[in-house]
Amino acid sequence: MGRIVQKFGGTSVGSVERIQNVAKRIIHEVDAGNEVVVVVSAMGKTTDELVKLATEISGNPSKREMDMLLTTGEQITIALLTMALHQEGYKAQSLTGWQAGIQTEDAFSNARILDIDSKRISSLLEEGHIVVVAGFQGLIPETKDIATLGRGGSDTTAVALAAALKAERCDIYTDVTGVYTTDPRVVNSARKLPSISYDEMLEMANLGAGVLHPRAVEFAKNYNITLEVRSSMSEERGTLVEEEVSMEQNLMVRGLAFEGNITKITVSSVPNEMHALAELFTILASNGINVDIIIQNVLNEEKTNISFSIESNSLSATQEVLAAHQGKLGFESISYEQGLAKVSIVGSGMISNPGVAAKMFKALSDEEIMIKMVSTSEIKVSTVVKQEDMIKSIETLHDVFELDARVPVQNT
Ligand code: ADP
Ligand code: ASP
Ligand code: MG
């Protein structure tokens, strides 16, 4: 008998029929002799609708109240799914995040899970219950306030519970049949990957592939939990996210990720002094501004330009912070370019293959796509391009790196 965690995303529980379908998938595992903990998201687009309601009331709603509001979505699903399980004649109980013992740091809207006290879940399992836990939420122990884990955070609830409960498996059921070479809703020829390593998946998730929450992949890597990403609507096997990828070893590029809504800021004529960079980025960080790619362009011995990319929705905050510190930082002016996007290639085989970045830049320039910024790590290359060139860039790179054509190499 094994202990397993199953997570079902919003689309998978988007209607009464789908909740009943999910109940059947859970029962299938219970009948096979497993102890099952289920994590669910809010139904369909509920979270988006709740966000919209809040913005109709306030342009800048309190983060505490926002979390209070958004956590109601998951609470609806746990109750309905548990009723569906009862209806099928099974013992089941629903738990909110705090009832399940999920403790978070003291931060609203994007809190990290710090600890899980899994006693209540364990005793329910021992009594023969299926335990249905609300994803995306936890409790701040000091204040007893409810906090959310960031959009897409139900994946993280599931993997963290799998770690705490020493589960044998963690299955992530979603609305696609696995992790693809890139978003299959954007590129028709995207191909499902049989497996992907933690490090590659972490890069993909951090670079915009919304199929898994980045922190879920971090937990899986840290606790060595194999995830299977698969569809709740079909029996097809999904993608394994695991330490060692047995097939298709050493691929130069395993996948592509992309995200829009990026703005490039240029701070011009900053004094070219030892502490200038440290000062600028300390001020931005202490004001909660998340900076991604940074480029320094030294003009002469006295002056340097510094460019960096941010999410477009932090543009006005960034401008305000920089303007307030212009005297201290000593720059001449600020300019910005909106409407940009980041397109990235990811693959662990890049480490040993020089020329991958060159191949990427050549492919984009052949299509007359202007690259505005670049950043690299051992297993990824990211380029910033105009948002209007984003889809063409991905399609081009998908072709150039032959991501659709590759026949998996079978182990012998
Ligand atoms: P859920 O509600 O089940 O958590 P999400 O919408 O969060 O579902 O994630 C699934 C979606 O992720 C897919 O519908 C797909 O559009 C998107 N996606 C982005 N990149 C990828 C990728 N590389 N492989 C598969 N899906 C991807
Ligand atoms: N319901 C939350 C969201 O839409 C959490 C999740 O689905 O993972 O972001
Ligand atoms: Mg999701």
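Since this is a predicted model, take the numbers as computed values, not measurements. For this chain, numbers begin at 1 and follow the sequence in order. In what follows, every heavy atom counts, from backbone to side chain, and hydrogens, waters and symmetry copies are set aside. Both counts, for ligands and for their atoms, begin at 1 and track the order of listing.
Between Thr177 and Ser234, the closest side-chain pair of non-hydrogen atoms falls below 4.5 Å. You'll find the side chain of Val400 stays beyond 4.5 Å of the side chain of Lys362, heavy atoms only.
In this structure, Gln137 has no side-chain hydrogen bond (donor to acceptor under 3.5 Å, both in side chains) partners at least two apart in sequence or on a different chain. With sequence neighbours excluded, the residues forming a salt bridge (charged side-chain N to carboxylate O under 4.0 Å, His left out) with Glu35 are Arg3, listed by chain and number. For Tyr173, the ring-ring contact (aromatic ring centres under 6.0 Å, His included) partners two or more places apart in sequence, or in a different chain, are Phe8.
Considering both main-chain and side-chain atoms, Asp155 never comes within under 3.5 Å of ligand 2 through any nitrogen or oxygen pair. Checked against a 3.5 angstrom limit, the closest N/O atoms of Gly150 and ligand 2 fall outside it. The N/O atoms of Ser154, backbone and side chain alike, include one that comes under 3.5 Å of an N/O atom in ligand 2.
Looking at Glu242 and Thr226, their side chains never bring a donor and an acceptor atom within 3.5 Å of each other.
Against a heavy-atom cut-off of under 4.0 Å, Phe136 is close to the following atoms of ligand 2: 2 (C), 5 (C). Of all atoms in ligand 2, numbered sequentially from 1 with element shown, those under 4.0 Å from a heavy atom of Arg151 are 3 (C), 4 (O), 9 (O). Taking a cut-off of under 4.0 Å to the non-hydrogen atoms of Ser41, the atoms of ligand 2 that pass are 6 (C), 7 (O), 8 (O). Those atoms of ligand 2 that come under 4.0 Å of a heavy atom in Gly152, given as number and element, are 3 (C), 5 (C), 6 (C), 8 (O), 9 (O).
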Practice prompt. Would you check, one step at a time, whether the test salt bridge (charged side-chain N to carboxylate O under 4.0 Å, His left out) holds for Arg151 with Asp48?
Written response: CA-CA 10 Å; Arg151 295 302 305 268; Asp48 291 335; 2.9 Å; yes
Practice prompt. Take Leu81 and Val13 through the side chain to side chain contact (heavy atoms under 4.5 Å, CB included) test and state the conclusion after the steps.
Written response: CA-CA 8 Å; Leu81 177 58; Val13 292; 5.5 Å; no
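The closest approach between Gly153 and ligand 2 falls below 4.0 Å for a heavy atom of the residue.
We find the CG-CD1 distance between Asn34 and Ile4 to be 4.5 Å, quoted to the nearest 0.5 Å.
Looking at every heavy atom in both residues, Ser393 comes nearest to Ile369 through OG-CD1, 3.6 Å.
Counting heavy atoms closer than 4.0 Å to ligand 2, residue His213 contributes nothing at all.
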Polar pairs, ligand 1 vs protein, N/O only, below 3.5 Å.
residue	atom	partner	partner atom	Å
ligand 1	2 (O)	Gly10	N	3.1
ligand 1	3 (O)	Thr174	OG1	2.7
ligand 1	4 (O)	Lys7	NZ	3.0
ligand 1	8 (O)	Thr174	OG1	3.1
ligand 1	14 (O)	Asp175	OD1	2.9
ligand 1	14 (O)	Arg185	NE	2.8
ligand 1	14 (O)	Arg185	NH2	3.1
ligand 1	16 (O)	Asp183	OD1	2.9
ligand 1	16 (O)	Asp183	OD2	3.2
ligand 1	16 (O)	Arg185	NE	3.2
ligand 1	23 (N)	Tyr180	O	3.0
ligand 1	24 (N)	Tyr180	N	2.9

